[in-house]
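Only a predicted model underlies this, so the values are computations on that prediction, with no experimental measurement involved. When reading the values below, keep in mind they use all heavy atoms of this one structure, side chains included, and skip hydrogens, waters and symmetry mates.
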Amino acid sequence: MTRRTLLAVGAALFSVAIWANFLVTTGGMTNGGLGVIELGFIRATVCGIVLWPVARRLGYYPKGMEFWRFLVMVIGAGSGFLFLIPLGFAYAPPADSGIFAPGTMPLWAALVSIVFLGERISAIRGVGYLLIAAGILGVGGYDAIASSGDGVWIGYVYFASGSLLFAFYAAAQRNSGLDALEATALVNFWTLPIACIAASIWGLDYSSVSWVAISWTGFAQFGSGVIAIITFTYATMTLGPSRGAAFIALTPAIVALASDWFLGQPASPMIWIGVFVVSIGVLIASGLFERQAVAKPA
């Protein structure tokens, strides 16, 4: 294994760790008294200000970009992380978010690609998507029945909806002419006014949390919104999209473990079964095994 490959693997693992930290930190702060508007304002402010020079270089609105593409990118990557994902933690525990947020991402991405981009999915990858759907529906269906009075399923809907919006962002960004950093800067710059409007309507209250917690939350938001995208882009460019995307399968398991260790919220046996099934499905759907199957006869 070359040094470049080792660096790419390390970058992919680092990205997964950042995403897991974002989910666990956001869940912990939501349950700790930090509201959805407060969380969204922290994310929009930190990421928007840091990436402002990049957005300025782009002219704030890239010349020649279709307005519908711009709108889908801003709403898709902004609204999910600003509002929908944090809202999900008001109903469902952080351990569940790994399955219904990053776990559903390949499923939604495939659906959007098939319907809007005309992409064809091979039979092997189709099996992976079926496993993802089975794992999600199995865990969600069971918990919806067992905890129907608690409304946990509402959190699942918020998590999955945020993931769906990001899938639309990914599809719109594909032919936008922007790289990962430029697209992230554009989204975060225009997300900041949305967060400011929401804050002016519903207000901000950080009195119930310490500045240490707020600082760590800002780091987690910046990490998931900027650093993880850059490192994961490097990993996929070096390893290839299929091998790079396979590392997403680690996120649900890491989130479940971290929720147990740091938040004292252990995952139920059904959640662990869902983590296993979804992770195997993501590995297959990423094309990792398909690639091996084609290479072996050669």
K.L.:
Check side-chain contact (heavy atoms from CB on, under 4.5 Å) between Arg4 and all other residues, then give those that pass, not counting sequence neighbours.
P.N.:
Thr2, Tyr234, Thr238

K.L.:
Excluding sequence neighbours, so at least two apart, what forms side-chain contact (heavy atoms from CB on, under 4.5 Å) with Thr45?
P.N.:
Phe41, Ile49, Leu192

K.L.:
Checking Ser163 now: which residues fulfil side-chain hydrogen bond (donor to acceptor under 3.5 Å, both in side chains) with it, not counting sequence neighbours?
P.N.:
Thr104

K.L.:
What pairs meet the salt bridge (charged side-chain N to carboxylate O under 4.0 Å, His left out) rule with one or both residues in residues 78-88, with sequence neighbours excluded?
P.N.:
none

K.L.:
Report all side-chain donor-acceptor pairs from residues 109-116 shorter than 3.5 Å, counting only partners two or more places apart or in another chain.
P.N.:
residue	atom	partner	partner atom	Å
Ser113	OG	Ala109	O	2.8
Ser113	OG	Glu119	OE1	3.4

K.L.:
Could you tell me which residues satisfy side-chain hydrogen bond (donor to acceptor under 3.5 Å, both in side chains) with Asp205, sequence neighbours excluded, listed by chain and number?
P.N.:
Ser207

K.L.:
I would like to know whether Tyr158 and Phe100 meet ring pair (Phe, Tyr, Trp, His ring centres under 6.0 Å); could you show each step before the answer?
P.N.:
CA-CA 9 Å; Tyr158 280 128; Phe100 291 89; over 10 Å; no

K.L.:
Of all residues at least two apart in sequence or in a different chain, which pass the side-chain contact (heavy atoms from CB on, under 4.5 Å) check with Ser210?
P.N.:
Val212, Ala213

K.L.:
The criterion is side-chain hydrogen bond (donor to acceptor under 3.5 Å, both in side chains); which residues satisfy it with Trp202, sequence neighbours excluded?
P.N.:
none

K.L.:
Sequence neighbours left out, what pairs pass salt bridge (charged side-chain N to carboxylate O under 4.0 Å, His left out) with at least one residue falling in residues 182-192?
P.N.:
Arg57-Glu182

K.L.:
Listed by chain and number, what are the side-chain hydrogen bond (donor to acceptor under 3.5 Å, both in side chains) partners of Gln221, not counting sequence neighbours?
P.N.:
Thr26, Arg43

K.L.:
Among all residues two or more places apart in sequence or in another chain, which pass the side-chain contact (heavy atoms from CB on, under 4.5 Å) test with Trp261?
P.N.:
Leu257

K.L.:
List in chain and number order the residues that pass ring pair (Phe, Tyr, Trp, His ring centres under 6.0 Å) with Trp190, two or more places apart in sequence or in another chain; answer none if no residue qualifies.
P.N.:
Phe70

